[in-house]
Number of protein chains: 2
Amino acid sequence: MSKQEGARDCCEPTVSEALTPDAAAGLARSFKVLGDPVRLRILSLIAARKGGEVCVCDITDAFDLTGPTISYHLRQLREAGLVDCERRGTWVYYWIIPARLGLLSQFLNPADAAAAST
Amino acid sequence: MSKQEGARDCCEPTVSEALTPDAAAGLARSFKVLGDPVRLRILSLIAARKGGEVCVCDITDAFDLTGPTISYHLRQLREAGLVDCERRGTWVYYWIIPARLGLLSQFLNPADAAAAST
DNA sequence: ACCTTGTTTAGACGCTTCTCTAAGCAGCTT
DNA sequence: AAGCTGCTTAGAGAAGCGTCTAAACAAGGT
(Lines give C-alpha, C1' and ligand atoms only; values in the text may rest on other atoms or scores of the structure.)
Protein backbone atom coordinates (compact mmCIF):
# COMPACT_ATOMS: atom_id res chain seq x y z
CA MET A 1 0.00 0.00 0.00
CA SER A 2 2.99 2.37 -0.10
CA LYS A 3 2.35 5.43 -2.22
CA GLN A 4 5.51 5.13 -4.24
CA GLU A 5 4.50 6.20 -7.70
CA GLY A 6 7.32 6.79 -10.11
CA ALA A 7 8.83 3.34 -10.05
CA ARG A 8 6.85 2.45 -13.09
CA ASP A 9 7.02 5.50 -15.33
CA CYS A 10 10.64 5.17 -16.42
CA CYS A 11 10.77 2.41 -18.99
CA GLU A 12 7.47 0.50 -19.41
CA PRO A 13 8.96 -2.99 -19.84
CA THR A 14 7.48 -5.86 -17.78
CA VAL A 15 5.18 -8.51 -19.14
CA SER A 16 4.08 -7.83 -22.76
CA GLU A 17 0.56 -9.13 -23.51
CA ALA A 18 -2.31 -10.72 -21.62
CA LEU A 19 -1.77 -14.45 -21.23
CA THR A 20 -4.22 -17.16 -22.21
CA PRO A 21 -5.02 -19.62 -19.39
CA ASP A 22 -3.11 -22.34 -21.26
CA ALA A 23 -0.01 -20.25 -21.77
CA ALA A 24 -0.15 -19.23 -18.12
CA ALA A 25 -0.37 -22.86 -17.04
CA GLY A 26 2.71 -23.77 -19.04
CA LEU A 27 4.80 -20.89 -17.77
CA ALA A 28 3.59 -21.40 -14.22
CA ARG A 29 4.74 -25.00 -14.27
CA SER A 30 8.28 -23.88 -15.07
CA PHE A 31 8.28 -21.06 -12.54
CA LYS A 32 6.98 -23.41 -9.88
CA VAL A 33 9.95 -25.67 -10.45
CA LEU A 34 12.24 -22.65 -10.06
CA GLY A 35 10.40 -21.75 -6.86
CA ASP A 36 12.53 -23.91 -4.59
CA PRO A 37 15.87 -22.83 -3.11
CA VAL A 38 17.46 -26.23 -3.56
CA ARG A 39 16.57 -26.43 -7.25
CA LEU A 40 17.76 -22.89 -7.80
CA ARG A 41 21.08 -23.72 -6.20
CA ILE A 42 21.41 -26.88 -8.26
CA LEU A 43 20.76 -24.87 -11.38
CA SER A 44 23.30 -22.20 -10.53
CA LEU A 45 25.79 -24.84 -9.52
CA ILE A 46 25.54 -26.41 -12.96
CA ALA A 47 25.64 -23.05 -14.69
CA ALA A 48 28.69 -21.88 -12.80
CA ARG A 49 30.63 -25.02 -13.64
CA LYS A 50 33.28 -24.78 -16.35
CA GLY A 51 32.12 -27.08 -19.12
CA GLY A 52 28.49 -26.66 -18.14
CA GLU A 53 28.16 -30.20 -16.88
CA VAL A 54 27.98 -31.59 -13.37
CA CYS A 55 27.90 -35.13 -12.06
CA VAL A 56 25.06 -35.96 -9.67
CA CYS A 57 27.56 -36.96 -7.02
CA ASP A 58 29.01 -33.43 -7.02
CA ILE A 59 25.56 -31.97 -6.56
CA THR A 60 24.75 -34.32 -3.72
CA ASP A 61 28.01 -33.37 -1.99
CA ALA A 62 27.09 -29.70 -2.13
CA PHE A 63 23.90 -30.17 -0.09
CA ASP A 64 22.90 -31.43 3.30
CA LEU A 65 20.25 -33.66 1.77
CA THR A 66 19.98 -37.35 0.94
CA GLY A 67 20.63 -38.73 -2.52
CA PRO A 68 16.98 -39.51 -3.23
CA THR A 69 15.99 -35.95 -2.38
CA ILE A 70 18.55 -34.54 -4.83
CA SER A 71 17.35 -37.05 -7.40
CA TYR A 72 13.78 -35.86 -6.86
CA HIS A 73 14.74 -32.23 -7.50
CA LEU A 74 16.75 -33.17 -10.58
CA ARG A 75 13.73 -34.96 -11.91
CA GLN A 76 11.58 -31.89 -11.42
CA LEU A 77 14.13 -29.79 -13.30
CA ARG A 78 14.30 -32.40 -16.06
CA GLU A 79 10.55 -32.69 -16.46
CA ALA A 80 10.27 -28.91 -16.67
CA GLY A 81 12.71 -28.97 -19.59
CA LEU A 82 15.25 -26.88 -17.70
CA VAL A 83 18.03 -29.45 -17.69
CA ASP A 84 18.91 -32.66 -19.47
CA CYS A 85 21.17 -35.52 -18.47
CA GLU A 86 23.16 -38.43 -19.82
CA ARG A 87 24.68 -41.47 -18.19
CA ARG A 88 28.36 -41.98 -18.90
CA GLY A 89 29.56 -45.19 -17.33
CA THR A 90 28.97 -45.06 -13.62
CA TRP A 91 28.06 -41.41 -13.45
CA VAL A 92 25.15 -39.30 -14.64
CA TYR A 93 25.88 -35.79 -15.87
CA TYR A 94 23.43 -32.91 -15.97
CA TRP A 95 23.50 -29.70 -17.99
CA ILE A 96 21.22 -26.73 -18.46
CA ILE A 97 18.96 -26.17 -21.46
CA PRO A 98 19.41 -22.43 -22.07
CA ALA A 99 16.49 -22.04 -24.45
CA ARG A 100 13.96 -22.78 -21.74
CA LEU A 101 15.45 -20.29 -19.31
CA GLY A 102 15.60 -17.72 -22.08
CA LEU A 103 11.89 -18.15 -22.70
CA LEU A 104 11.06 -17.52 -19.06
CA SER A 105 13.42 -14.57 -18.90
CA GLN A 106 11.71 -13.12 -21.92
CA PHE A 107 8.33 -13.34 -20.29
CA LEU A 108 9.58 -11.40 -17.27
CA ASN A 109 11.26 -8.69 -19.26
CA PRO A 110 10.45 -8.53 -22.97
CA ALA A 111 12.50 -5.35 -23.34
CA ASP A 112 15.71 -7.11 -22.36
CA ALA A 113 15.04 -9.96 -24.73
CA ALA A 114 14.41 -7.53 -27.58
CA ALA A 115 17.64 -5.70 -26.83
CA ALA A 116 19.59 -8.94 -26.72
CA SER A 117 18.32 -10.14 -30.07
CA THR A 118 19.80 -7.15 -31.92
CA MET B 1 18.27 -38.86 -20.72
CA SER B 2 18.08 -37.94 -24.42
CA LYS B 3 21.48 -37.69 -26.05
CA GLN B 4 20.92 -34.28 -27.54
CA GLU B 5 24.25 -32.58 -27.19
CA GLY B 6 24.67 -29.37 -29.09
CA ALA B 7 21.81 -27.43 -27.53
CA ARG B 8 24.25 -25.92 -25.10
CA ASP B 9 27.31 -25.10 -27.18
CA CYS B 10 25.92 -22.19 -29.11
CA CYS B 11 25.89 -19.24 -26.76
CA GLU B 12 26.81 -20.13 -23.14
CA PRO B 13 24.36 -17.75 -21.39
CA THR B 14 22.24 -19.21 -18.56
CA VAL B 15 22.76 -18.53 -14.89
CA SER B 16 26.03 -16.64 -14.10
CA GLU B 17 27.53 -17.63 -10.73
CA ALA B 18 26.89 -20.15 -7.98
CA LEU B 19 24.22 -18.92 -5.60
CA THR B 20 24.54 -18.68 -1.82
CA PRO B 21 21.77 -20.44 0.11
CA ASP B 22 20.41 -17.07 1.21
CA ALA B 23 20.35 -15.61 -2.28
CA ALA B 24 18.68 -18.78 -3.52
CA ALA B 25 16.02 -18.53 -0.82
CA GLY B 26 15.19 -14.97 -1.80
CA LEU B 27 14.94 -15.70 -5.50
CA ALA B 28 13.02 -18.91 -4.89
CA ARG B 29 10.40 -17.06 -2.92
CA SER B 30 9.73 -14.79 -5.91
CA PHE B 31 9.71 -17.63 -8.40
CA LYS B 32 7.35 -19.61 -6.22
CA VAL B 33 4.89 -16.74 -6.33
CA LEU B 34 5.18 -16.74 -10.11
CA GLY B 35 4.57 -20.48 -10.11
CA ASP B 36 0.80 -20.24 -10.16
CA PRO B 37 -1.26 -19.79 -13.33
CA VAL B 38 -3.72 -17.42 -11.70
CA ARG B 39 -1.00 -15.11 -10.43
CA LEU B 40 0.75 -15.18 -13.78
CA ARG B 41 -2.47 -14.21 -15.51
CA ILE B 42 -3.09 -11.44 -13.01
CA LEU B 43 0.38 -10.12 -13.65
CA SER B 44 0.03 -10.19 -17.40
CA LEU B 45 -3.41 -8.66 -17.14
CA ILE B 46 -1.95 -5.69 -15.27
CA ALA B 47 1.02 -5.45 -17.62
CA ALA B 48 -1.13 -5.52 -20.73
CA ARG B 49 -3.36 -2.73 -19.47
CA LYS B 50 -2.87 0.73 -20.92
CA GLY B 51 -1.80 2.90 -18.03
CA GLY B 52 -0.28 -0.02 -16.19
CA GLU B 53 -2.93 0.01 -13.46
CA VAL B 54 -5.87 -2.27 -12.84
CA CYS B 55 -8.67 -2.15 -10.31
CA VAL B 56 -9.22 -5.28 -8.24
CA CYS B 57 -12.77 -5.54 -9.48
CA ASP B 58 -11.53 -5.85 -13.07
CA ILE B 59 -9.21 -8.65 -12.04
CA THR B 60 -11.96 -10.46 -10.18
CA ASP B 61 -14.22 -10.20 -13.23
CA ALA B 62 -11.56 -11.84 -15.41
CA PHE B 63 -11.51 -15.04 -13.35
CA ASP B 64 -13.88 -17.72 -12.26
CA LEU B 65 -12.78 -17.33 -8.65
CA THR B 66 -14.19 -15.66 -5.57
CA GLY B 67 -13.08 -12.24 -4.40
CA PRO B 68 -11.17 -13.55 -1.40
CA THR B 69 -9.20 -15.92 -3.59
CA ILE B 70 -8.14 -13.10 -5.90
CA SER B 71 -7.29 -11.04 -2.84
CA TYR B 72 -5.12 -13.89 -1.58
CA HIS B 73 -3.16 -14.04 -4.83
CA LEU B 74 -2.74 -10.29 -4.93
CA ARG B 75 -1.33 -10.41 -1.45
CA GLN B 76 1.20 -13.05 -2.50
CA LEU B 77 2.27 -10.86 -5.41
CA ARG B 78 2.48 -7.82 -3.14
CA GLU B 79 4.55 -9.57 -0.47
CA ALA B 80 6.93 -10.84 -3.13
CA GLY B 81 7.52 -7.24 -4.17
CA LEU B 82 6.16 -7.88 -7.66
CA VAL B 83 3.27 -5.44 -7.47
CA ASP B 84 2.15 -2.54 -5.34
CA CYS B 85 -1.27 -1.03 -4.78
CA GLU B 86 -3.10 2.07 -3.64
CA ARG B 87 -6.65 2.69 -2.57
CA ARG B 88 -8.42 5.51 -4.41
CA GLY B 89 -11.86 6.04 -3.01
CA THR B 90 -13.85 2.87 -3.27
CA TRP B 91 -11.42 1.01 -5.48
CA VAL B 92 -7.94 -0.41 -5.03
CA TYR B 93 -5.54 -0.21 -7.96
CA TYR B 94 -2.59 -2.49 -8.57
CA TRP B 95 0.50 -1.98 -10.73
CA ILE B 96 3.65 -3.93 -11.46
CA ILE B 97 7.06 -3.16 -9.98
CA PRO B 98 9.33 -3.66 -13.00
CA ALA B 99 12.60 -3.68 -11.06
CA ARG B 100 11.74 -6.91 -9.32
CA LEU B 101 10.81 -8.70 -12.53
CA GLY B 102 13.98 -7.39 -14.12
CA LEU B 103 16.03 -8.90 -11.33
CA LEU B 104 14.48 -12.31 -11.84
CA SER B 105 14.84 -12.05 -15.59
CA GLN B 106 18.49 -11.24 -15.13
CA PHE B 107 19.05 -14.33 -13.04
CA LEU B 108 17.56 -16.51 -15.76
CA ASN B 109 19.52 -14.96 -18.57
CA PRO B 110 22.43 -12.68 -17.59
CA ALA B 111 23.40 -12.27 -21.24
CA ASP B 112 20.13 -10.57 -22.12
CA ALA B 113 20.36 -8.22 -19.19
CA ALA B 114 23.90 -7.25 -20.17
CA ALA B 115 22.82 -6.58 -23.73
CA ALA B 116 19.89 -4.49 -22.60
CA SER B 117 21.97 -2.30 -20.33
CA THR B 118 24.16 -1.05 -23.19
C1' DA C 1 -27.25 7.24 10.52
C1' DC C 2 -27.90 3.57 7.59
C1' DC C 3 -27.49 0.61 3.70
C1' DT C 4 -24.81 -0.88 -0.45
C1' DT C 5 -20.74 -2.07 -2.85
C1' DG C 6 -15.68 -3.12 -3.04
C1' DT C 7 -11.98 -5.29 -0.69
C1' DT C 8 -9.50 -7.78 2.92
C1' DT C 9 -9.07 -11.02 6.92
C1' DA C 10 -10.04 -15.44 9.42
C1' DG C 11 -10.80 -20.13 9.57
C1' DA C 12 -11.53 -24.67 7.54
C1' DC C 13 -10.62 -28.38 4.29
C1' DG C 14 -8.55 -31.15 0.53
C1' DC C 15 -4.56 -31.56 -2.42
C1' DT C 16 0.27 -31.02 -3.38
C1' DT C 17 5.08 -30.73 -2.12
C1' DC C 18 9.44 -31.87 0.14
C1' DT C 19 11.76 -34.76 2.87
C1' DC C 20 13.03 -39.21 4.58
C1' DT C 21 13.99 -44.61 4.62
C1' DA C 22 13.92 -48.84 2.14
C1' DA C 23 14.40 -51.10 -1.91
C1' DG C 24 15.62 -51.53 -6.80
C1' DC C 25 18.47 -50.98 -11.08
C1' DA C 26 23.02 -50.01 -13.73
C1' DG C 27 27.57 -50.47 -14.46
C1' DC C 28 32.37 -51.22 -12.70
C1' DT C 29 35.92 -54.36 -10.71
C1' DT C 30 37.74 -58.21 -9.09
C1' DA D 1 29.16 -64.11 -10.62
C1' DA D 2 29.32 -61.60 -6.66
C1' DG D 3 29.90 -57.47 -4.53
C1' DC D 4 30.50 -52.42 -4.58
C1' DT D 5 29.23 -47.72 -5.71
C1' DG D 6 26.18 -44.28 -8.04
C1' DC D 7 21.68 -43.14 -8.96
C1' DT D 8 16.57 -43.68 -9.25
C1' DT D 9 11.98 -45.39 -7.79
C1' DA D 10 8.38 -46.36 -4.21
C1' DG D 11 5.97 -45.27 -0.29
C1' DA D 12 4.98 -42.62 3.91
C1' DG D 13 4.45 -38.55 6.80
C1' DA D 14 4.66 -33.48 8.05
C1' DA D 15 4.13 -29.07 6.28
C1' DG D 16 2.44 -25.81 2.94
C1' DC D 17 -0.79 -24.06 -0.66
C1' DG D 18 -5.15 -22.68 -2.99
C1' DT D 19 -9.82 -22.57 -2.61
C1' DC D 20 -14.10 -21.72 -0.29
C1' DT D 21 -17.65 -19.41 3.16
C1' DA D 22 -18.43 -16.18 6.77
C1' DA D 23 -17.35 -12.11 8.76
C1' DA D 24 -15.01 -7.69 9.10
C1' DC D 25 -13.45 -3.20 7.37
C1' DA D 26 -13.64 1.06 4.11
C1' DA D 27 -16.01 4.65 1.39
C1' DG D 28 -19.75 6.65 -0.79
C1' DG D 29 -24.79 7.61 -1.44
C1' DT D 30 -29.13 8.08 0.10
Side-chain angles (χ1 to χ4, degrees), chain A residues 1-3 19 21 24-43 45-46 49 53-80 82-95, chain B residues 1-3 19 21 24-43 45-46 49 53-80 82-95:
Chain A
M1 262 320 170
S2 70
K3 276 205 175 180
L19 236 38
L27 284 170
R29 187 163 171 286
S30 294
F31 281 125
K32 183 181 289 190
V33 168
L34 292 175
D36 179 284
V38 173
R39 288 193 287 264
L40 234 35
R41 286 175 63 200
I42 291 176
L43 219 49
L45 194 152
I46 301 176
R49 192 60 142 272
E53 286 186 352
V54 181
C55 170
V56 172
C57 59
D58 290 338
I59 300 174
T60 305
D61 286 350
F63 290 86
D64 213 16
L65 294 168
T66 63
T69 297
I70 296 298
S71 196
Y72 162 76
H73 286 301
L74 286 171
R75 165 129 84 148
Q76 300 298 113
L77 288 167
R78 221 186 314 132
E79 290 182 344
L82 296 170
V83 304
D84 200 359
C85 67
E86 183 186 15
R87 169 157 229 138
R88 290 208 278 276
T90 305
W91 297 281
V92 176
Y93 292 88
Y94 277 78
W95 60 85
Chain B
M1 269 303 176
S2 70
K3 275 206 177 181
L19 236 38
L27 283 170
R29 186 161 171 287
S30 293
F31 281 124
K32 182 182 290 190
V33 168
L34 292 175
D36 179 283
V38 173
R39 288 193 288 264
L40 234 35
R41 284 174 66 200
I42 291 176
L43 219 50
L45 195 153
I46 300 176
R49 192 62 141 273
E53 286 185 353
V54 181
C55 170
V56 172
C57 58
D58 290 338
I59 300 175
T60 305
D61 286 350
F63 291 86
D64 212 16
L65 295 168
T66 64
T69 296
I70 295 298
S71 195
Y72 162 76
H73 287 301
L74 286 171
R75 166 128 84 148
Q76 300 297 113
L77 289 167
R78 220 185 314 130
E79 290 182 345
L82 296 169
V83 305
D84 199 0
C85 67
E86 185 185 14
R87 169 157 230 138
R88 289 208 278 277
T90 304
W91 297 279
V92 177
Y93 292 88
Y94 278 76
W95 59 86

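Worth knowing before you read on, the calculation uses all heavy atoms, side chains too, and leaves out hydrogens, waters and symmetry mates. By convention in this document, chain letters (A, B, ...) are assigned in the order of the sequence lines, proteins followed by strands, and residues within each chain are numbered from 1.
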Side chain A/Thr60, main chain A/Val56, donor-acceptor under 3.5 Å:
yes
Would you call B/Glu79 and B/Arg75 a salt bridge, taking side-chain N to carboxylate O under 4.0 Å as the test?
yes
Rounded to the Å, how far apart are A/Arg29 CZ and C/dT16 P?
14 Å
Do the side chains of A/His73 and A/Ile42 get nearer than 4.5 Å, heavy atoms only?
yes
Closer than 4.0 Å, any side-chain N/O of A/Tyr93 to the OP1 or OP2 of D/dG6?
no
If I take atom CZ in residue A/Arg75 and atom C1' in nucleotide C/dT19, what distance separates them, rounded to the nearest angstrom?
15 Å
Under 4.0 Å, counting only non-hydrogen atoms across every strand here, what does B/Tyr94 touch: a base, just sugar-phosphate, or nothing?
sugar-phosphate
Indicate yes or no: at least one non-hydrogen side-chain atom of B/Arg39 is less than 4.5 angstrom from one of B/Val33.
yes
What is the distance, rounded to the nearest whole Å, between atom CH2 of B/Trp91 and atom C1' of C/dT7?
12 Å
Are more than 12 heavy atoms, taken from residues, nucleotides or ligands other than B/Asp64, located less than 6.0 Å from that residue's CG atom?
no
Encode nucleotides 24-30 of chain D as B, S and - characters from 5' to 3', where the letter depends on protein heavy atoms closer than 4.0 Å: B to the base, S only to sugar-phosphate, - to neither.
--SSS--
note: A/Glu86, atom CD; C/dA26, atom C1'; distance rounded to Å ~ 15 Å
In the structure I gave you, are the side-chain heavy atoms of B/Gln76 and B/Leu82 within less than 4.5 Å of one another anywhere?
no
Hey, could you give me the CG/OG1 distance between A/Leu74 and A/Thr69, rounded to the nearest 0.5 Å?
11.0 Å
When every non-hydrogen atom of B/Arg41 is compared with those of B/Ala62, the smallest separation belongs to NH2-O, 3.7 Å
Pairs under 3.5 angstrom, nitrogen or oxygen only, protein versus nucleotides 18-23 of chain D, please.
| residue | atom | partner | partner atom | Å |
| --- | --- | --- | --- | --- |
| D/dG18 | OP1 | B/Asp36 | OD2 | 3.3 |
| D/dG18 | OP1 | B/Arg39 | NH2 | 3.0 |
| D/dG18 | OP2 | B/Arg39 | NH1 | 3.3 |
| D/dG18 | OP2 | B/Tyr72 | OH | 2.5 |
| D/dT19 | OP2 | B/His73 | NE2 | 2.2 |
| D/dC20 | OP2 | B/Thr66 | N | 3.2 |
| D/dC20 | OP2 | B/Thr66 | OG1 | 3.0 |
| D/dC20 | OP2 | B/Thr69 | OG1 | 2.6 |

With axes from five pairs an end, tell me the bend angle of the helix from C/dA1-D/dT30 to C/dT30-D/dA1, nearest 10°.
10°
Is B/Arg88 close to B/Glu86 at the side-chain level, that is, under 4.5 Å between some pair of heavy atoms?
yes
May I ask you to test the A/Asp84-A/Tyr94 pair for a side-chain heavy-atom distance under 4.5 Å?
no
B/Arg87 NZ/CZ over B/Tyr93 ring centroid, <6.0 Å and within 45° of normal
no
